[in-house]
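Each remark here refers to the structure printed beneath this line.
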Amino acid sequence: MSQIDVNNLLSQMRQLSLQTKPAEQSFTAAAPGQTDFSSLLKQSISSVTDAQMDAGNQAASFERGDEGADLGRTMVAINKADLSLNTLTQVRNKLVDAYNNIMNMPV
C-alpha cells in the first residue's frame with residue numbers, strides 16, 4: 001500500500017484551481033443591468049464553439065505530427081470541449097423544462 005503525500009496533492013490541486021480561473025471568469029455574470037440573458041447565452045455558446053475549434057485544431061496538429069504538438073494538452077483540450085458541450089446541453093435541457101413547466105401552469 002502506498003502513502004499519499006498530502007502536501008504534494010494539495011499543491012497540485014491549487015495549481016489546477018489557478019489554471020481554471022480564466023475559464024470560470026468567462027462564465028461569471030456581470031453586474032445587474034450590464035448584460036441580459038441573451039447576450040450571456042451567446043457568449044457561452046461562443047465559448048463552447050471556441051473550445052471545440054481549439055480541440056479540433058490541436059487534435060489535427062497532433063495527428064499530423066507537428067512540432068510542439070503534445071498528447072497531454074490535446075487530450076485536455078478535447079475533454080474541456082466535451083465538458084463544455086455537455087454543460088451547455090444540460091443548460092438547454094433545464095431551460096426547455098422550465099419553459100414547459102411555465103406553459104403547463106394553469107391560469
Using atom types as modelled, flag every donor-acceptor pair under 3.5 Å from a side chain in residues 96-107 to any protein atom, sequence neighbours excluded.
| residue | atom | partner | partner atom | Å |
| --- | --- | --- | --- | --- |
| N100 | ND2 | V96 | O | 3.3 |
| N101 | ND2 | D97 | O | 3.4 |
| N104 | ND2 | N100 | O | 3.1 |

Distance-only donor-acceptor hits, side chain of residues 72-83, under 3.5 Å, sequence neighbours excluded:
| residue | atom | partner | partner atom | Å |
| --- | --- | --- | --- | --- |
| T74 | OG1 | D70 | O | 2.7 |
| N79 | ND2 | M75 | O | 3.3 |

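The OG atom of S39 sits 4.0 Å away from atom CG of D36, with the distance rounded to the nearest 0.5 Å. We find the CE-CG distance between M53 and D50 to be 8.5 Å, quoted to the nearest 0.5 Å. Taking OG of S47 as the reference point, atom CD of Q52 lies at 10.0 Å (rounded to 0.5 Å). Distance check: L88 CG to R92 CZ gives 8.0 Å after rounding to the nearest 0.5 Å.
Side-chain N/O atoms of N86 and T89 include no donor and acceptor closer than 3.5 Å.
Grouping the Ile, Leu, Val, Met, Phe, Trp and Tyr side chains by contacts below 4.5 angstrom, directly or via other members, places L41 with L85. L95 and V48 fall within a single hydrophobic cluster, where Ile, Leu, Val, Met, Phe, Trp and Tyr side chains are chained together by heavy-atom contacts under 4.5 Å.
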